[in-house]
Amino acid sequence: MIDDSFDENAKAGTWRYLYYVSYHGDHYDLAWELLQDKWDDYAIKYNTTSFTMGYLVEIPEVFDTQAKYDEVAAFFKKKEYNIGTGLKTVEETLSKIKANIKWKDDHYEDVASWFTKLTFE
């Protein structure tokens with residue numbers, strides 16, 4: 001389906017396939033992998049001045065580890081030349097990942113403990 005979205009007869013909004021995959025269940029890693037694989041195709045199809053690029057850049061914002069932060073930062077650094085209007089969104093996405101890391105560091109143990117007590121009491 002993702003590959004079909006690049007067909008010349010595909011509707012303009014087919015980028016949403018990938019965007020919605022990223023927010024459905026635990027498919028974040030798959031969506032991120034597909035985005036990296038198809039980034040240049042999206043940049044050509046939707047033009048870097050399109051707001052679409054900003055939506056696509058949001059896909060990895062759910063990550064919450066330093067390793068993923070580093071991976072996302074390195075990818076977008078390498079693709080700066082064709083991010084276009086999504087450049088500001090890259091900064092926001094990286095900021096959200098940093099916030100997710102901090103929240104997890106600050107609260108994960110307490111929340112996990114609370115759920116464990118709730119489940120086993």
Side-chain angles (χ1 to χ4, degrees):
M1 182 164 65
I2 299 297
D3 287 333
D4 292 342
S5 71
F6 294 105
D7 184 88
E8 65 183 50
N9 297 319
K11 293 182 180 178
T14 54
W15 61 270
R16 289 183 180 99
Y17 293 147
L18 183 59
Y19 185 75
Y20 292 135
V21 163
S22 72
Y23 287 98
H24 195 282
D26 291 329
H27 297 99
Y28 314 117
D29 288 318
L30 173 61
W32 172 236
E33 181 181 315
L34 289 169
L35 178 63
Q36 291 175 89
D37 289 345
K38 299 292 186 181
W39 179 264
D40 293 329
D41 295 329
Y42 280 114
I44 291 166
K45 183 168 177 86
Y46 295 109
N47 188 331
T48 58
T49 60
S50 164
F51 287 114
T52 299
M53 298 309 282
Y55 288 117
L56 292 172
V57 166
E58 291 177 347
I59 287 173
E61 72 182 13
V62 298
F63 293 138
D64 61 3
T65 66
Q66 187 63 47
K68 281 295 188 185
Y69 175 89
D70 294 343
E71 181 182 324
V72 171
F75 175 77
F76 286 124
K77 178 95 172 124
K78 189 171 59 175
K79 296 296 183 178
E80 276 182 341
Y81 69 93
N82 70 352
I83 293 174
T85 58
L87 199 54
K88 176 70 174 156
T89 311
V90 168
E91 294 171 19
E92 293 168 357
T93 295
L94 291 172
S95 179
K96 286 178 184 177
I97 296 171
K98 278 287 190 192
N100 294 343
I101 293 167
K102 180 165 176 23
W103 187 94
K104 188 175 170 185
D105 287 346
D106 292 350
H107 303 290
Y108 181 82
E109 292 300 323
D110 292 338
V111 172
S113 175
W114 180 75
F115 273 115
T116 300
K117 288 178 186 174
L118 190 66
T119 305
F120 294 108
E121 286 185 0

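Just so you know, these numbers use all the heavy atoms, side chains as well, and skip hydrogens, waters and symmetry mates. Sequence positions, counted from 1, serve as the residue numbers for this chain. Everything quoted here is computed from the prediction, not taken from an experiment.
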Between atom [atom1] of [X] and atom [atom2] of [Y], what is the distance when rounded to the nearest 0.5 Å?
{"X": "I97", "Y": "D64", "atom1": "CD1", "atom2": "CG", "answer": "9.5 Å"}
{"X": "Y42", "Y": "N82", "atom1": "OH", "atom2": "CG", "answer": "14.0 Å"}
{"X": "I59", "Y": "Q36", "atom1": "CD1", "atom2": "CD", "answer": "10.5 Å"}

Between S95 and E91 (side chain of the first, backbone of the second, donor and acceptor by atom type, cut-off under 3.5 Å), is there such a pair? no
- prompt: Among all residues two or more places apart in sequence or in another chain, which pass the side-chain hydrogen bond (donor to acceptor under 3.5 Å, both in side chains) test with E58?
  reply: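 Partners of E58 under the side-chain hydrogen bond (donor to acceptor under 3.5 Å, both in side chains) test: Y19.
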query: Any chain of hydrophobic side-chain contacts (each under 4.5 Å) joining L118 to V111?
result: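 Result: yes, single cluster for both.
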Shortest non-hydrogen pair, P60 vs T93, comes out as CG-CG2, 3.9 Å
task = Measure across L56 and L35 and return the closest heavy-atom pair with its distance rounded to 0.1 Å.
result =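 Answer, listing the atom of L56 first, then L35: O-CD2, 3.3 Å.
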Applied to residues 98-107, the side-chain hydrogen bond (donor to acceptor under 3.5 Å, both in side chains) test, sequence neighbours excluded, yields Q66-K98, K102-D106
Residue set satisfying ring pair (Phe, Tyr, Trp, His ring centres under 6.0 Å) with F76, at least two apart, ordered chain then number -> W32, W39
Determine whether more than 12 heavy atoms belonging to other residues, nucleotides or ligands lie under 6.0 Å from atom OH of Y55. no
Which residues satisfy the salt bridge (charged side-chain N to carboxylate O under 4.0 Å, His left out) test with [X], sequence neighbours excluded?
{"X": "E92", "result": "none"}
{"X": "D70", "result": "none"}
{"X": "K68", "result": "D29, E71"}

Q) Excluding sequence neighbours, so at least two apart, what forms side chain to side chain contact (heavy atoms under 4.5 Å, CB included) with A99? A)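 Result, side chain to side chain contact (heavy atoms under 4.5 Å, CB included) vs A99: none returned.
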Go through it in stages, so that I can follow the logic: the residues are K88 and V57, the test is side-chain contact (heavy atoms from CB on, under 4.5 Å), and I'd like the CA-CA distance, side-chain angles, deciding distance and then a yes or no.
CA-CA 10 Å; K88 176 70 174 156; V57 166; over 6 Å; no
Taking the side chain as C-beta and beyond, is there a heavy-atom pair between L87 and M53 under 4.5 Å? no
